[in-house]
Amino acid sequence: MAVANKQQQEAQCDVEALVAEFLEDPARTSLELPPMSAALRKKAKALADGHPELQCESFGLGSERRLHLFKAGKAAATS
């Protein structure tokens, strides 16, 4: 159980780093996060919700469900 918790914490840290890199890059308008557990998706969504300049959408089903982040006002440009 401790190994699973450590892997989840590491994955969450990776998500935090991915979001930080995405926010710092003015050329990027969207970010597709890798598939993750429902619990990690919930934490990643909460992280994104902490940044008003981001919009968060979920796409896919089951184990292939992913979060996509868009910089506000730029989501239409990526479609």
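Under the salt bridge (charged side-chain N to carboxylate O under 4.0 Å, His left out) criterion, K42 pairs with no residue, sequence neighbours left out. The salt bridge (charged side-chain N to carboxylate O under 4.0 Å, His left out) search around D49 returns K45, not counting sequence neighbours. Applying the side-chain hydrogen bond (donor to acceptor under 3.5 Å, both in side chains) criterion to E32, with sequence neighbours excluded, gives R66.
Applying the salt bridge (charged side-chain N to carboxylate O under 4.0 Å, His left out) test to residues at least two apart or on different chains, none of the pairs has a partner in residues 52-61. Among pairs with a residue in residues 32-64, those fulfilling ring pair (Phe, Tyr, Trp, His ring centres under 6.0 Å) read F59-H68, at least two apart in sequence or across chains. Applying the ring pair (Phe, Tyr, Trp, His ring centres under 6.0 Å) test to every pair with at least one member in residues 16-39, sequence neighbours left out, gives no pairs at all.
With respect to L18, the side chain to side chain contact (heavy atoms under 4.5 Å, CB included) criterion is satisfied by exactly one of L69, L47, L33: L33.
For the residue pair A44 and M36, the shortest heavy atom distance occurs at CB-SD, 4.2 Å. Annotation for A72 and P52: closest pair CB-O, 4.4 Å, computed over non-hydrogen atoms. The two residues P35 and S63 come nearest to each other via the heavy atoms CB-O, 3.3 Å. Shortest non-hydrogen contact noted between R41 and G62 is NH1-O, 4.5 Å.
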>> I'd like to know whether K43 forms a side chain to side chain contact (heavy atoms under 4.5 Å, CB included) with V15, so could you lay out the CA-CA distance, the side-chain angles of the two residues, the decisive distance to 0.1 Å, and finally the verdict.
In response: CA-CA 9 Å; K43 288 180 181 180; V15 169; over 6 Å; no
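Residues L31 and L54 fail the side-chain proximity criterion, which asks for heavy atoms closer than 4.5 Å.
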